[in-house]
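The basis for the numbers below is simple: all heavy atoms, side chains too, and nothing from hydrogens, waters or symmetry mates. The first residue in the sequence is number 1, and the count goes up from there.
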Amino acid sequence: MINWLRKKLYNFINQPREADKIMAVSESSDIDMDHSLRFYVLVGQGGVIVQLRSYDNKRDRTNNTTYVIPEGEDIATRVGEIVSLEIMKS
């Protein structure tokens with residue numbers, strides 16, 4: 001009984017935090033960044049401007065898409081929706 005309680009207490013105290021769950025990738029790994037999305041966020045009067053850039057390797061062209069998030073909307077939710085939409089488009 002005491003060993004069980006000790007294990008439970010140990011596991012509770014040593015739970016991984018959210019920051020520990022994020023995986024770090026070293027710079028020397030071979031990750032193909034040509035298919036990545038880069039986004040820039042600009043705070044303006046009346047809302048937030050989000051610009052997404054992606055590189056099209058076939059056409060050797062950078063594609064830009066600009067979104068405007070009106071003031072008062074949840075920015076985190078909208079950015080998540082925008083990124084999901086862009087991933088589905090590619």
Side-chain angles (χ1 to χ4, degrees):
M1 175 75 173
I2 291 181
N3 285 336
W4 175 83
L5 183 60
R6 187 181 302 149
K7 275 185 181 179
K8 284 289 194 183
L9 184 59
Y10 178 81
N11 290 337
F12 176 75
I13 292 172
N14 294 316
Q15 284 181 350
R17 297 174 298 184
E18 287 298 318
D20 295 339
K21 294 179 184 178
I22 297 172
M23 186 177 85
V25 179
S26 67
E27 293 179 19
S28 63
S29 63
D30 296 332
I31 296 176
D32 183 18
M33 295 300 288
D34 288 343
H35 302 289
S36 65
L37 287 174
R38 293 173 181 88
F39 63 95
Y40 302 92
V41 179
L42 175 70
V43 178
Q45 191 165 355
V48 176
I49 300 167
V50 178
Q51 183 180 41
L52 278 121
R53 292 183 181 182
S54 61
Y55 179 70
D56 187 0
N57 203 14
K58 291 179 185 176
R59 296 182 180 97
D60 191 28
R61 175 177 286 168
T62 301
N63 299 319
N64 296 321
T65 308
T66 304
Y67 297 91
V68 178
I69 302 172
E71 194 172 303
E73 284 194 33
D74 185 23
I75 297 170
T77 303
R78 289 290 295 141
V79 168
E81 291 170 357
I82 291 167
V83 170
S84 296
L85 177 68
E86 290 293 324
I87 288 173
M88 286 191 300
K89 284 178 17 180
S90 62

Original post:
Which residues pass the side chain to side chain donor-acceptor pair (under 3.5 Å) test with Arg61, sequence neighbours left out?
Top reply: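 Not a single residue meets the side chain to side chain donor-acceptor pair (under 3.5 Å) criterion with Arg61.
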Original post:
Strictly by modelled atom types, are Tyr55 and Asn63 linked by a side-chain donor-acceptor pair under 3.5 Å?
Top reply: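 Side-chain D/A pair, Tyr55 to Asn63: absent.
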Original post:
Is Leu52 linked to Ile49 within one hydrophobic cluster, defined over Ile, Leu, Val, Met, Phe, Trp and Tyr using a side-chain heavy-atom separation of less than 4.5 Å?
Top reply: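 No.
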Ignoring hydrogens and angles, write down the donor-acceptor pairs under 3.5 Å from the side chains of residues 72-87, residues two or more places apart or on other chains.
unit_1, atom_1, unit_2, atom_2, d
Glu73, OE1, Arg78, NE, 3.2
Asp74, OD2, Thr77, OG1, 2.4
Arg78, NH1, Glu81, OE1, 2.8
Ser84, OG, Gly80, O, 2.9
Glu86, OE2, Tyr67, OH, 2.5
Glu86, OE2, Lys89, NZ, 3.2

